[in-house]
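Remarks on the structure that follows.
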Amino acid sequence: MPPLILVADHDASQRRHLAESIQKFGYDVETTEETSKALARLQRKAAPTISFIVLDLTGPTIENTPLKKILASSHQTPVIVATPHGPLDAVISAIKAGAHDFLVKPVATERLLVSIKNALEQHALKQKIQHLHHHQKNALQFQDLIACSENTARAMRLAERAASSNIPVMIEGESGVGKEQIARAIHNASDRKGKAFVSFNCASLTEETLENKLFGREKSPENRKADKHTSKIVEANNGTLYLAEIGKLSLPLQLKLLRVLQEGEIEPIGARRPTRIDIRLICSTQSNILDLVKIGRFREDLFYRLNVFPIMLPPLRARKNEIPDLARKFMSKFSTEEGRKVNQISNQALDLLMKYEWPGNIRQLENAIYRAVILAESEELDVTEFPQIAAGVEDFEVLIPPTPVIKPHTSEEEAVTPLTIRDPNVLPLIGANGEVRNLADIEENTIRFALYHYHGQMSEIARRLGIGRSTLYRKLKEYGIDEQDADIFTPNSSLVA
């Protein structure tokens, strides 16, 4: 989906002119006649994210105007101010306050387009720099998280309230929905920010290893061979301890954790004396802990101590309107980290991502975008960068340049029947007759597609196919392929297998 631009102007004709011009540029537009409502729209969490604002500016200064409040907010959305006569004092004040640019009404279409493009590019660069800074400082904030859906926005509101106290928090949700990110945001918005945030997963470890790492072990005269383990609880002292998959903790270790929480001290195995601790505890689970309590697999007293402030995070399939913003965020992150110049996602690719069910949730989406950025051959991610996703979406047709038509064979039995390929990364192994295709047909298809894909560059084709140029020319002759055919293929050619 293209960036969404908000036009706030009390003049109906100017508002209509700006909106029509922006739509011609390929952007989505929202309008409001009351400029005072621009900030309120920006703060609506359960709504599509505003990428840019064109704001009407009246009066000689920006004091007590919506611009002042927008620029003072934490959203950091770029703003262009539009003024009917361009008073110098107002323009200077607006630019000094942080407005990206100013326009004089009536606004020229070309001037508007240049200003929007420059602002969006500079804002994207600024976000990349901020992301790297936050990543380095491990300072994830609530404003760094995407929350367009009502369910996610509600969870964010609860998390922000929880951050103002030391109340224990239980975050529930499927694997990959972003539970640890919420925990980090709570920590960084609390009085303990700047202190340690220690993350520990209670799953996939033996009970002995889990006990050693979580509660610690000291070397002792009785057991000199045992390795020393620093307690994760002690590491989190004065900070926040995040325990993922708390439901995987065994009953004996649940009792030990309960005692630590009740007494405010911990005594590692082999230690001579207990250590006082002061931690903020945040837990997460994929399971319903109450169900575990009912069947005796989780202590009821520990459950009531941990489940004081529950927060439920919905799966990604229940908040698909967040996918475009998440995809762009991950694209920006990975293109910066990997030094790639990938800055766009096609509408067809976004449509594909929106139709997929994402069983692995946000983590799976992040991995898919990372792979796409690495493999991208242009500055725009298209459906060809998401072959596994396309294969998992029923009836999703990928519009790709077709391979050339294969010349018919001499016998009717050997004739190749045209087939539809959903993805350029998938070559059919079954023919129209339901039988496995022979190797010669598959090889011929591959060579013809390579000839088209690399525009007849024979050295590149041979290198990519892993064969010598002489072998390539021999196979072209064997299959009756003219290397000049690469120049006459059109997007409307039949795609055959």
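Every residue two or more places apart in sequence or in another chain was checked for a salt bridge (charged side-chain N to carboxylate O under 4.0 Å, His left out) with K117, and none qualifies.
A side-chain donor-acceptor contact under 3.5 Å links E174 and N361. S346 and E380 are not linked by any side-chain donor-acceptor pair at a separation below 3.5 angstrom, with hydrogens and angles left out of the test. Side chain to side chain, R363 and S175 meet the donor-acceptor criterion of an N or O pair below 3.5 Å.
A donor-acceptor pair under 3.5 Å links the side-chain atoms of H187 to the main chain of K195, judged by distance alone. Counting only distance, with no hydrogens or angles, the side chain of R340 and the backbone of I374 share a donor-acceptor pair below 3.5 Å. Between the W358 side chain and the L353 main chain, a donor and an acceptor come within less than 3.5 Å of each other. Checking side-chain atoms of K179 against main-chain N and O of G173 turns up a donor-acceptor pair under 3.5 Å.
The aromatic rings of F298 and F303 sit perpendicular, their planes meeting at an angle over 60°, well past the 30° parallel limit.
Summarising the geometry of L4 relative to R41, their closest heavy-atom pair is CD2-NH2, 3.8 Å, with the distance given to 0.1 Å. Shortest non-hydrogen contact noted between N321 and S149 is OD1-CB, 3.7 Å.
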Check step by step if side-chain contact (heavy atoms from CB on, under 4.5 Å) holds for Y356 and I323.
-> CA-CA 10 Å; Y356 189 65; I323 290 177; over 6 Å; no

Report all side-chain donor-acceptor pairs from residues 252-262 shorter than 3.5 Å, counting only partners two or more places apart or in another chain.
from, atom 1, to, atom 2, distance (Å)
Q254, OE1, R299, N, 2.7
Q254, NE2, L249, O, 2.7
Q254, NE2, R297, O, 3.2
K256, NZ, E211, OE2, 2.9

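Between K355 and D351 there is a salt bridge, since at least one side-chain N of the basic residue sits less than 4.0 Å from a carboxylate O of the acidic one.
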